[in-house]
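Some notes on the structure that comes next.
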Amino acid sequence: MIELWQWTMFPDETFESPGHSPGTLELINVERGQLTLKLADTDLVIQPGSSVLARTEDRHAYLNCGTEELRFIMAVAELQRTRLRIGL
């Protein structure tokens with residue numbers, strides 16, 4: 001499964017995720033503002049015009065710690081979803 005998201009976050013806004021299925025990757029491109037991506041014990045600050053590829057199978061969070069609106073595009077690829085097989 002692959003999803004494409006366009007996000008807008010306001011100053012001091014946070015979104016936390018419990019994590020996705022094993023092997024999930026997210027490609028994030030920041031268009032405006034500054035994104036803080038929290039992965040385990042690491043905070044990555046992504047500037048406008050920059051991108052990051054992150055493994056997001058574990059708990060993670062997106063934060064707008066800045067003073068302006070944050071906009072970013074994110075492609076989520078869940079590569080190892082369990083498939084249901086019928087008739088085998």
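All heavy atoms count here, side chains included; hydrogens, waters and symmetry mates do not. If you read the sequence from its start, that first residue is 1, and numbering goes on from there.
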Under 3.5 Å, sequence neighbours excluded: what are the donor-acceptor pairs made by side chains of residues 40-48?
unit_1, atom_1, unit_2, atom_2, d
Asp43, OD1, Lys38, NZ, 2.8
Asp43, OD2, Lys38, NZ, 3.4
Gln47, NE2, Gln34, OE1, 3.0

Could you report the tightest heavy-atom contact between His60 and Asp58, atom names first, then the distance?
ND1-O, 2.8 Å
Which atom of Cys65 lies closest to which atom of Thr36, heavy atoms considered
SG-OG1, 3.8 Å
The side chain to side chain contact (heavy atoms under 4.5 Å, CB included) partners of Leu4 (sequence neighbours excluded) come to Ile73, Ala75
Other cluster members, Phe10 - Ile/Leu/Val/Met/Phe/Trp/Tyr, side-chain contacts below 4.5 Å
none
Going by atom type alone, with no hydrogens or angles, which donor-acceptor pairs under 3.5 Å involve a side-chain atom of residues 23-32 and a protein atom two or more places apart or on another chain?
unit_1, atom_1, unit_2, atom_2, d
Thr24, OG1, Ser21, O, 2.7
Thr24, OG1, Ser21, OG, 3.4
Glu26, OE1, Tyr62, OH, 2.6
Glu26, OE2, His20, NE2, 3.1
Glu26, OE2, Thr56, OG1, 3.2
Glu26, OE2, Tyr62, OH, 3.1
Asn29, ND2, Ser51, OG, 2.7

Pairs flagged by salt bridge (Lys or Arg N to Asp or Glu O under 4.0 Å) wherever residues 6-20 is involved - sequence neighbours left out
Glu16-Arg59
hydrophobic_cluster_shared for Leu79 and Leu53, side chain cutoff 4.5 Å:
yes
Can you list, by chain and residue number, the hydrophobic cluster partners of Leu63 when the side-chain cut-off is 4.5 Å?
none
By salt bridge (Lys or Arg N to Asp or Glu O under 4.0 Å) - contacts of Glu3 (at least two apart):
none
Between Gly33 and Leu70, which heavy-atom pair has the shortest distance, and what is it?
C-CD1, 4.1 Å
Please name all residues satisfying side-chain hydrogen bond (donor to acceptor under 3.5 Å, both in side chains) with Glu57, sequence neighbours left out, ordered by chain then number.
none
